[in-house]
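Computed from a predicted model, the values in this text were never measured in an experiment.
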Amino acid sequence: MITIQEAKPIVAKYITQEHLLKHCLAVQAAMEEAARYFGENPEYWGAIGYLHDIDFERFPEEHCQHVEELLRPEGVAEEDIRAVISHGYGLVSDVEPQSTMEKMLFTVDELTGIIMATALMRPTGITDLTVKSVNKKFKDKRFAAKCNRDVIRQGCEMLAMDLSEVMNICIHGMQQYAQPLGLMGSGS
């Protein structure tokens, strides 16, 4: 099981763009909170979340196709590599999410984007963001249009969870990282 201390220097080798690093942190935050929700290891789930886009900056047109060649030499376990690849299921990967962790990663990858976009529009950022506010933006297909709502819905079905429940987990996790995510709002 990879730790966040092991994942950070690996990510630093392959991802330099600030917006991608913030996205990795947002997914880490959501995954840590999801692990707590399911009674799993937040450190481990967070590390997988942080690693999930390891090949995106270098290979955006071949995302998830270079995960193994980047992570295997770093000593990352096969099950962790599989988890990272599974988040692109149906889009850029044929590795179907099986574990609860993989299903959650598949779901929150896109959902964190909608939550970040919603929080950035608010004077108070994510500090008092509600599921109701995110749900309203979720329904507007023009808002954060690149975030694939079908993937989020599919992930919620895989998890047998209500969308609002998954949103709540993500929001709560991301609130704990509001400062480094740049989501404190304009008042701070």
Side-chain angles (χ1 to χ4, degrees), residues 11 14-37 42 45-46 48-61 63-64 84 86-93 97 102-159 161-188:
V11 168
Y14 301 106
I15 302 177
T16 60
Q17 296 174 21
E18 185 180 355
H19 74 280
L20 290 176
L21 289 168
K22 281 187 179 179
H23 172 65
C24 290
L25 182 60
V27 174
Q28 173 193 337
M31 290 297 288
E32 286 174 356
E33 189 62 26
R36 285 188 276 278
Y37 178 87
W45 282 37
I48 295 296
Y50 194 71
L51 275 179
H52 84 285
D53 272 350
I54 193 69
D55 69 348
F56 187 79
E57 186 173 316
R58 289 193 180 183
F59 307 102
E61 302 302 318
H63 183 38
C64 289
V84 169
S86 75
H87 89 275
Y89 177 66
L91 302 170
V92 293
S93 162
E102 291 174 350
K103 292 172 184 176
M104 187 57 80
L105 180 62
F106 175 81
T107 309
V108 305
D109 180 29
E110 298 289 322
L111 183 54
T112 56
I114 294 172
I115 293 169
M116 283 198 68
T118 304
L120 285 168
M121 294 187 64
R122 300 163 43 84
T124 55
I126 200 167
T127 57
D128 62 352
L129 184 63
T130 64
V131 169
K132 184 178 179 182
S133 295
V134 176
N135 221 347
K136 185 176 178 183
K137 295 296 186 183
F138 183 88
K139 291 175 183 173
D140 179 359
K141 292 181 176 112
R142 294 168 298 166
F143 180 81
K146 291 183 180 180
C147 296
N148 191 325
R149 285 143 170 88
D150 292 336
V151 165
I152 297 166
R153 286 187 200 95
Q154 182 183 359
C156 289
E157 286 175 25
M158 286 180 187
L159 289 161
M161 291 177 73
D162 183 70
L163 173 61
S164 295
E165 195 174 8
V166 179
M167 282 181 182
N168 190 49
I169 291 168
C170 290
I171 293 167
H172 188 68
M174 290 169 67
Q175 284 172 333
Q176 296 171 55
Y177 288 87
Q179 187 81 41
L181 287 171
L183 299 178
M184 293 296 291
S186 56
S188 57

Practice item. Quick one: pull up NZ in Lys103 and SG in Cys156 and give me the separation to the nearest 0.5 Å. Key: 12.5 Å

Check your understanding: Heavy-atom distance under 4.5 Å between the side chains of Leu25 and Leu21, does that happen here?
Key -> no

Review point. Would a 4.5 Å heavy-atom cut-off, applied to side chains only, mark His63 and Asp53 as touching?
Key: yes

Practice item. Kindly indicate whether the side chain of Asp55, heavy atoms from C-beta on, has any atom under 4.5 Å from the side chain of Tyr14. Key: no

Review point. Can any side-chain N or O of Gln176 pair as donor or acceptor with the backbone N or O of His172 at less than 3.5 Å?
Key: yes

Practice item. Quick one: list whatever passes ring-ring contact (aromatic ring centres under 6.0 Å, His included) with Phe138, sequence neighbours left out. Key: none

Check your understanding: Below 4.5 Å, heavy atoms only, C-beta onward: do Leu105 and Pro97 meet side chain to side chain?
Key -> no

Exercise for review: Quick one: closest heavy-atom pair of Phe143 and Arg149, and the distance?
Suggested key: O-NH2, 2.5 Å

**Study point:** Considering all heavy atoms, the nearest Ala119-Leu183 contact
**Key:** CB-CD2, 4.0 Å

Review point. Glu57 side chain to Gln17 main-chain N or O, any donor-acceptor pair under 3.5 Å?
Key: yes

Exercise for review: Identify the two heavy atoms, one from Met31 and one from Trp45, that lie closest to each other, and give their separation to 0.1 Å.
Suggested key: CB-O, 3.3 Å

Practice item. Compare all side-chain heavy atoms of Leu159 with those of Thr107 and state whether any distance is below 4.5 angstrom. Key: yes

Study note, to complete from the structure: Correct closest heavy-atom pair for Gly46 and Glu32 would be CA-CG, 3.7 Å

Study note, to complete from the structure: Closest non-hydrogen atoms of His23 and Asp109, given as atom of the first, atom of the second and distance, are NE2-OD1, 2.7 Å

Check your understanding: Taking NZ, NE, NH1 and NH2 as the nitrogens, is one of them in Lys22 or Glu18 under 4.0 Å from a carboxylate oxygen of the other?
Key -> yes

Practice item. Check whether any side-chain heavy atom of Met116 sits under 4.5 Å from a side-chain heavy atom of Met174, and report yes or no. Key: yes

Point to revise | Beyond-backbone contact of His87 with Val108, side-chain heavy atoms, under 4.5 angstrom | key: no

Exercise for review: Could you tell me whether the side chain of Glu110 and the main chain of Ile152 form a donor-acceptor pair under 3.5 Å?
Suggested key: no

Review point. Is Gln179 reaching over with its side chain to a backbone N or O of Met184, donor-acceptor style, under 3.5 angstrom?
Key: no

Revision key, fill the gap. Residue pairs meeting salt bridge (Lys or Arg N to Asp or Glu O under 4.0 Å), one or both in residues 123-134, sequence neighbours left out, come to Arg122-Asp128

Review point. Just checking, any donor-acceptor pair under 3.5 angstrom between side chains of Gln154 and Tyr89?
Key: no

**Study point:** Distance (rounded to the nearest 0.5 Å) between Gln175 CD and Leu129 CG
**Key:** 7.0 Å

Practice item. Might you point out which heavy atoms bring Ile169 and Met161 nearest each other, and give the distance in Å? Key: CD1-CE, 3.7 Å

Practice item. Look at Asp140 together with Lys137 and state whether they make a salt bridge at an N to O cut-off of under 4.0 Å. Key: no

Exercise for review: Kindly say whether Thr127 contributes a backbone atom to a donor-acceptor pair with the side chain of Thr124 at under 3.5 angstrom?
Suggested key: no

Revision key, fill the gap. SG of Cys170 to CD1 of Ile126, rounded to nearest 0.5 Å, is 9.0 Å

